[in-house]
Each structure stands twice: as structure tokens, then as C-alpha cells.
J.: 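One structure, pasted below without further comment.
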Amino acid sequence: MKKENNIKWGIIGLGNIASQFAADLSLLKDAELTAVASRDINKGKEFGEKFNAQKVYDCYDLIFKDPEVEIIYIATPHNSHAELSIKALENGKHVLCEKPMALSYKDAQRMIEASKKHNKFFMEAFWTRFIPSVQNVLQKINNNVIGQINYIKADFAFHGSETENKRLFDKELGGGALFDIGVYPLFLSYILLGNPKEIIAKAIKHKNDIDLQTSMILQYEAAQSILHASIVSESDMKAIISGTKGRIELNAPWFVADVYSLFINEEKEATFTLPTLGKGYAHEIMECQNCIRNNQIESKLWSHQNCLDLSLIVEEIKNQIKLPF
């Protein structure tokens, strides 16, 4: 049933992530999918029918101009995130932009400036920040349960297929390991330890110059993060956060873990189970809606400054491994 106080969403870029997002959106009683847009009208109609969108557009400009749409979720390829986010903000829409928010720090700055200029909510869609297990882990770390963090190990790796997922290997669309999945382990290190003092990164490149796999060391005053991303090989995809008193292990895949274990002095102390609502996107959707209702243009949990900090870390790695973006 439609309610007047529902937050009315639009979605552009109707691929796999958008499908998972729309499925989670349908779980929330105070959210509704008002419109979707795709340059392929048949794809748009199919998506709209599947997720009960009220309107389907074959042009992004039309969804930007729709007076009913309050917030737009942008799930297009990476290379279009900046321009589409800025255009949506200029048209008075709030924006949730899929990560990475941009392929350059300069573009990330432009997006935040547009949010402030037009006084509209903007957030990079780091859904992992909002899932219950990560919230709970951060709480324990803030309460000094494992002491001072001195080591983080996190990776995101899988066998990608160049024939089945062309976008992932497409230089023009911002493909490659770093921007597609490397941002996840970097995000974990950043939310736990902040900005590193030094970054060392090495990559194995594709013939078209995107990175197939990238390994990163983030050096802090008293800690190191050992991070890895690959689209050509697998890893266990657990995350280890180790401190002076103990460690926390997030189950695989750690970026959407619903289970984690706490070890104190190398002995397993407890296992915690904190399921996500739906796939896990529902939690960031709720955060967006709360911010909009409270007239906030940024989230306190994943702020404009957080977005910029992470973008600058990624920029440094991009430059070190000489990505062409």
C-alpha cells in the first residue's frame, strides 16, 4: 500500500546490483520504487515489472525531472557516477551513488560540492558500513575489547570471466580489481584505523592496462593492513582484525558477514550471529531515508569526509599502479 510519507526512489543503471538493491527496497514499508530508467526501454520495462516500479523511462534526464522522485540510486558503470550524481543533485534529487563514487579524487570533490551547493543528501553506497555485524564489531573495538588494533587482513577476490562480465575488464568503464572490489578492504582499514601514513601497492595488469589483481599495504603509526583484490583468483574472503588483547574474524564473505568470532588471548571467546535484512542493502537504504527525513545532506556513519578520505586513498593506489583512468 502506498503512503504519502514513503520515500520515493528512482533507480538508474539496471544491472545485477540494482536488482539486489530493488529487492531489498521492497522489504521496507516506508520506501517505494517510483521510477526506473534505462537507455534500453525493454530492459527498463522488464526491471520495472519485476520490482513494481510505477514508471519506466528510457532517458536519464526524464527521471531527473520527475517531480515525484525524491532520491536516485545510481548503479551505472563507474565512469558515469560523477556526472550522473551531479546532474541528479542539480535537479534537486538526493543521491545514493554506488561505489566507487568516482574514478578520480577531483570528481569525488565535485560531487560533494554539488551536494552542499544544492543542499541535497549525497552518500556513496558503502552498504557494508551499515550491516549489523560491522556495526557490532565497531562497537566492540571502540569499547577496547580486543585492545589496540595492530593488524588487519582483508581481501576480496574471485575468478572473473572476460566473456561473461565484460564491464569488469573494460578500461573505458573503469573496470579492474581496485575500483570494483579493492575499495572494500580499503574501506575496512579506513573505518578501523583512519588515514594511513604510507601506502605501498603493486598490481598485475591486463593487456589493456586495468589491474587484474592488486596487493596493498597500508602503514599506520602502530599498525599495518595487508589487503588484496583480484578478479582472476580466489581467496578465503575472511577478514581478521587483530589487537593487543585479541582478534575478531568476520566470516566469508566478510563484507556482508552475518557471523563473526571473537578471540581473546588466542582462545575463542564467542561467536556472534547478526543476520542482515534481505541481501544487506536494506540497512543503507534505511540510513538514507533517516537522513532525508532529518534534513541531513550527509550520513554521520559514512560522511562526505569519509567518502573523500577513501577516494584519496584509492587515488594514491591508482597512481602507484599506473591505472589509466
Side-chain angles (χ1 to χ4, degrees), residues 15-21 75 77-78 98-100 103 125-129 131 133-134 137 151-171 173-192 199-218 224-242 247-261 263 268 271-276 278-281 310 313-314 317-318 320-323 325:
N16 182 46
I17 290 177
S19 292
Q20 295 177 52
F21 182 91
H78 308 331
E98 198 42 70
K99 75 213 123 7
L103 293 176
F126 251 109
W127 60 315
T128 302
R129 178 64 182 89
I131 64 172
S133 62
V134 169
V137 163
Y151 171 68
I152 295 170
K153 192 273 304 183
D155 30 7
F156 192 153
F158 60 86
H159 280 293
S161 167
E162 200 163 349
T163 52
E164 291 175 18
N165 194 339
K166 291 180 181 178
R167 180 198 62 79
L168 199 58
F169 293 83
D170 192 325
K171 181 170 74 172
L173 298 180
L178 174 63
F179 278 95
D180 211 73
I181 54 177
V183 290
Y184 280 93
L186 289 168
F187 153 83
L188 184 66
S189 181
Y190 169 72
I191 59 166
L192 294 170
I199 299 169
I200 301 165
K202 296 289 182 184
I204 292 172
K205 308 285 277 293
H206 189 276
K207 60 189 175 188
N208 70 4
D209 231 18
I210 63 158
D211 63 318
L212 296 172
Q213 62 183 55
T214 296
S215 293
M216 301 156 281
I217 299 174
L218 271 56
Q224 291 176 321
S225 295
I226 312 298
L227 314 172
H228 181 71
S230 175
I231 56 173
V232 291
S233 58
E234 294 179 0
S235 71
D236 62 11
M237 288 210 278
K238 290 181 182 178
I240 297 171
I241 305 158
S242 186
R247 73 181 189 274
I248 286 170
E249 292 187 3
L250 282 155
N251 279 23
W254 67 264
F255 46 86
V256 68
D258 55 7
V259 177
Y260 74 88
S261 299
F263 296 79
K268 185 181 274 194
T271 297
F272 300 88
T273 302
L274 296 117
T276 58
K279 173 75 174 176
Y281 295 97
L310 185 62
I313 291 168
V314 175
I317 295 164
K318 178 183 83 170
Q320 282 194 28
I321 64 174
K322 297 181 170 59
L323 287 180
F325 312 134

J.: Is any side-chain heavy atom of I191 less than 4.5 Å from a side-chain heavy atom of V134?
T.: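 Side-chain contact under 4.5 Å: yes.
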
J.: Is a donor on one side and an acceptor on the other found under 3.5 Å between the side chain of N165 and the backbone of G160?
T.: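 Answer holds: no.
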
J.: Would you call D170 and K166 a salt bridge, taking side-chain N to carboxylate O under 4.0 Å as the test?
T.: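 Here D170 does not pair with K166 in a salt bridge, since their nearest N and O are not under 4.0 Å apart.
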
J.: Less than 4.5 Å apart, any side-chain heavy atom of F169 and any of I231?
T.: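 SC-SC contact between F169 and I231 confirmed.
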
J.: Without hydrogens or angle criteria, can the side chains of E162 and H206 be said to hold a donor-acceptor pair below 3.5 Å?
T.: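 On atom types as modelled, these side chains qualify, holding a pair under 3.5 Å.
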
J.: Does a side-chain heavy-atom distance below 4.5 Å link D209 with L323?
T.: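 Side-chain contact under 4.5 Å: no.
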
J.: Looking at Q320 and I199, would you say the former's side chain and the latter's main chain have a donor-acceptor pair under 3.5 Å?
T.: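 Answer holds: yes.
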
J.: How long is the straight-line distance from CE of M216 back to NE2 of H228, given to the nearest 0.5 Å?
T.: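 Taking NE2 in H228 and CE in M216, the distance rounds to 8.0 Å.
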
J.: Can you tell me how the ring of F156 sits relative to the ring of F255, calling it parallel under 30°, perpendicular over 60° and tilted otherwise?
T.: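 Judged by the thresholds at 30° and 60°, the geometry between F156 and F255 is parallel.
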
J.: Quick check for you: to the nearest 0.5 Å, what is the distance between K202 atom NZ and T214 atom OG1?
T.: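 So the NZ of K202 and the OG1 of T214 are separated by 11.5 Å.
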
J.: Among S235, S230, P185, find the residue that satisfies the side chain to side chain contact (heavy atoms under 4.5 Å, CB included) test when tested with D155.
T.: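 Among S235, S230, P185, the one meeting side chain to side chain contact (heavy atoms under 4.5 Å, CB included) with D155 is S235.
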
J.: Rounded at 0.5 Å granularity, tell me how far CG in L250 sits from CD1 in I241.
T.: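 Taking CG in L250 and CD1 in I241, the distance rounds to 5.0 Å.
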
J.: I need the E249 CD to T271 OG1 distance, nearest 0.5 Å.
T.: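 Reported to 0.5 Å precision, the distance equals 9.5 Å.
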
J.: Tell me, do L218 and Y190 make a side-chain contact under 4.5 Å, heavy atoms counted?
T.: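 No - every pair of side-chain heavy atoms lies 4.5 Å or more apart.
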
J.: N16 and S19: side-chain donor and acceptor closer than 3.5 Å?
T.: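 On atom types as modelled, these side chains do not qualify, holding no pair under 3.5 Å.
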
J.: As a quick check of understanding, evaluate side-chain contact (heavy atoms from CB on, under 4.5 Å) for F179 and V314, giving each step before the final call.
T.: CA-CA 8 Å; F179 278 95; V314 175; 3.6 Å; yes

J.: Main chain of L178, side chain of D211: is a donor-acceptor contact present, judged purely on distance under 3.5 Å?
T.: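 Yes, because the side chain of D211 sits within donor-acceptor range (under 3.5 Å) of the backbone of L178.
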
J.: Closer than 3.5 angstrom, by distance alone: can the side chain of K205 be matched with the main-chain N or O of I321 as a donor-acceptor pair?
T.: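 At least one qualifying donor-acceptor pair exists.
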
J.: If only atom types and distance count, is the side chain of K238 paired as donor or acceptor with the main-chain N or O of K153 below 3.5 Å?
T.: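 Checked: no pair found.
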
J.: Is it the case that the side chain of S133 and the backbone of A257 share a donor-acceptor pair, with hydrogens and angles ignored and the cut-off at 3.5 Å?
T.: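 Here the side-chain-to-backbone pair exists.
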
J.: Please evaluate residues F126 and Y184 with respect to the criterion side-chain contact (heavy atoms from CB on, under 4.5 Å), reporting the C-alpha separation (whole Å), side-chain torsions for both, the decisive distance (0.1 Å), and the verdict.
T.: CA-CA 8 Å; F126 251 109; Y184 280 93; 4.2 Å; yes

J.: For G280 and I131, which heavy atoms make the closest approach, and how far apart are they?
T.: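 Here G280 and I131 meet closest at O-CG2, 4.0 Å.
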
J.: Please name the pair of heavy atoms, one in L103 and one in G174, separated by the smallest distance, quoted to 0.1 Å.
T.: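 Of all heavy-atom pairs spanning L103 and G174, the closest is CD1-CA, 3.8 Å.
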
J.: Do N251 and D258 pass the side-chain contact (heavy atoms from CB on, under 4.5 Å) test, and can you show the C-alpha distance, the side-chain angles, and the key distance before you say yes or no?
T.: CA-CA 7 Å; N251 279 23; D258 55 7; 5.7 Å; no

J.: For the atom pair OG (S225) and CG (L192), what is the distance rounded to the nearest 0.5 Å?
T.: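 S225 atom OG to L192 atom CG measures 7.5 Å (nearest 0.5 Å).
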
J.: Roughly how far, to the nearest 0.5 Å, is CG of D180 from CG of L168?
T.: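 With rounding to 0.5 Å, CG (L168) is 5.0 Å from CG (D180).
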
J.: Can you give me the closest heavy-atom contact between D236 and A252, atom names plus distance?
T.: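 For D236 versus A252, the nearest heavy atoms are O-CB, 3.0 Å.
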
J.: Using 30° and 60° as the class boundaries, would you call the ring planes of W127 and Y281 parallel, tilted or perpendicular?
T.: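 Aromatic pair W127/Y281 classed parallel.
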
